[in-house]
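Order of the sequence lines fixes the chain letters, A, B, ..., with proteins taken first and strands second; residue numbering starts at 1 for each chain.
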Amino acid sequence: MRDGPLRVGVDRRLCCGAGMCALLAPEVFDQCDEGFVVLLDPAPPAAAHAAVREAADQCPCSAITLHSAG
Amino acid sequence: MSQGLPVTFSTVREGYFNPPPATRSLRRTEPLTRMEFADGHLGWLVTGYSAARAVLADARFSARGELKHPPVPRAATLDEAPAAPPGMFIQHDDPEHQRYRKLLVGQFTVRRMRLLTEWIEKITAERLDEMERLGSPADLFEHFALPIPSLVICELLGVPYADRATFQHHTHVWSSFGESTEDVTAAFLELGAYLGGLVRLKRTEPADDIISGLITADPDLTDEELTSIAFLLLVAGHETTANQLALGTFALLEHPEQLAALRADPSLIEGAVEESLRFLSIVHHGPTRAALEDVEVEGTLIREGEVVMVSLAAANRDPERFPDPESFDVTRRAAGHLGFGHGIHQCLGQQLARIELRVGFTALLERFPQLRLACPPEEIRLRHDMQVYGVYALPVAW
Ligand code: HEM
Ligand code: SF4
């Protein structure tokens, strides 16, 4: 499971712009000029999985969802 | 759930840095405990990490000021907690809260804040120059920790730094537990009047700052709303970081092996900043939330109307989340701490604070390789009696 493909989803309606995701996993998340999450890579490489999981856990507004694909 | 007597909460720490001893045993056995608030209200104290996150992320717990009870006694007593004015969004629930917050988050993104790094480095270097001019020993709080975030937030908001004596004084009175009702009310009104005047000025003479930007972004915002937003950003933006910088320096000086580790490997600084936020948790009583309906949290039923105080300091020492939580360890993974809160109110200024702290600690240690306390630690006056914990002054020598 841990090393299988990972699908990332974000819900911009839930995002409160705290920026934890962009801080922890900048190759996968960014913030638009208005401050809300922008998903750069919905299927990040395995090397980024740990950071993405941490971002999803720390997002204060539960705006990031993860699915282990495959 | 506790069958014993309800606890009361004290902001008096154990030693200089540790949360009140009562919270230590509680967070092991009872993440939620009955707590008697200062006005007699029977509510709850949360000391466990996962319970703290659950409460702060749950929309059934309201941040509205008029629903709350004071967790700790203050000299100033108000018959009823007033409803927060429009724009004071730290005390609004969504959707009102979101309306204001969404106008601001774009100003505080990770990327925007990084663009400010060089400018913050310059401000910091100037403060260190000033300390050198004054000569050793000097008060690090007055000459370094307080001016840096004050200068930064003034510039961002468009508040003249020359007026700092006014707003620093009002902020201080307003956040002190010991001040009288008259003084607290007067400080609140005077700071509001000062910022109201500034808002009216920005309407006629806009500049490149957040207040002017808000006026353009949402022409429907009233003067009252703009004043409250400015109030919140100004107060939240300078006292917190100032105390974190000074108390963090104190903690490093009292943990020489940690200071040595950081000096030996300056790349540890980002982790050290997170650890100082976790270990010190300067927002030391609250946040508080009121249950809008009956809610069950980790098997405990909280009734509608009951107020919950989340002890961020206790949650940040939860052994289930942070191994060996009582030790200050700049090499640990402290990310995930609740020093900036959690949920929709999680600190708006956190990415700014992170940079101020990283730049501040780094430059301070670089400039003064011999930095040390200039008095015995017992003589340092602690801010037990303020809304944000820290030190009143930090005499240092170098
Ligand atoms: C080390 C420094 C700081 C700490 C420890 C800190 C801590 C916190 C905490 C715990 C909250 C949540 C309160 C709650 O849930 O009721 C909060 C909210 C907030 N903070 Fe900070 N803060 C810091 C620096 C700043 C700075 C520099 C700003 C400047 C803009 C700022 C602006 C705010 C605002 C506007 C809110 C309310 C957010 C909302 O309600 O959506 N803070 N802060
Ligand atoms: S961490 Fe969550 S709330 Fe913060 S910007 Fe990312 S998605 Fe939005």
Participant: Is the SG of A:Cys61 found under 2.5 Å away from the SG of A:Cys16?
Facilitator: yes
Participant: Can you tell which part of B:Ile344 gets under 4.5 Å to a heavy atom of chain A, answering side chain, backbone, both or neither?
Facilitator: both
Participant: Taking disulfide bond (SG atoms under 2.5 Å apart) as the test, write out the residues that go with A:Cys59, two or more places apart.
Facilitator: none
Participant: With sequence neighbours excluded, tell me which residues meet salt bridge (charged side-chain N to carboxylate O under 4.0 Å, His left out) with B:Asp209.
Facilitator: B:Lys202
Participant: Heavy atoms, side chains only, cut-off 4.5 Å: are B:Leu156 and B:Leu352 in contact?
Facilitator: yes
Participant: Would you say CD of B:Glu118 has more than 12 non-hydrogen atoms from neighbouring residues, nucleotides or ligands within 6.0 angstrom?
Facilitator: no
Participant: For chain B against chain A, print all donor and acceptor atom pairs separated by less than 3.5 Å.
Facilitator:
residue: B:Arg53; atom: NH1; partner: A:Asp57; partner atom: O; Å: 3.2
residue: B:Arg53; atom: NH2; partner: A:Asp57; partner atom: O; Å: 2.7
residue: B:Arg53; atom: NH2; partner: A:Asp57; partner atom: OD1; Å: 3.4
residue: B:Arg101; atom: NE; partner: A:Cys16; partner atom: O; Å: 2.9
residue: B:Arg101; atom: NH2; partner: A:Cys16; partner atom: O; Å: 3.0
residue: B:Gly106; atom: N; partner: A:Glu34; partner atom: O; Å: 3.0
residue: B:Val110; atom: N; partner: A:Gln31; partner atom: OE1; Å: 3.0
residue: B:Arg111; atom: NH2; partner: A:Asp30; partner atom: OD1; Å: 2.9
residue: B:Arg111; atom: NH2; partner: A:Asp30; partner atom: OD2; Å: 2.8
residue: B:Arg111; atom: NH2; partner: A:Gln31; partner atom: O; Å: 3.0
residue: B:Arg333; atom: NH2; partner: A:Glu54; partner atom: OE1; Å: 2.9
residue: B:Arg333; atom: NH2; partner: A:Glu54; partner atom: OE2; Å: 2.7
residue: B:Gly336; atom: N; partner: A:Gln58; partner atom: OE1; Å: 3.4
residue: B:Gly343; atom: N; partner: A:Pro60; partner atom: O; Å: 3.3
residue: B:Gln351; atom: NE2; partner: A:Ala18; partner atom: O; Å: 2.8

Participant: Which residues pass the side-chain contact (heavy atoms from CB on, under 4.5 Å) test with B:Pro266, sequence neighbours left out?
Facilitator: none
Participant: In Å and rounded to the nearest 0.5 Å, what is the CZ to CD1 distance from B:Arg64 to B:Ile90?
Facilitator: 16.0 Å
Participant: Let me know if B:Ala335 has heavy atoms under 4.5 Å from chain A in its side chain, its backbone, both or neither.
Facilitator: both
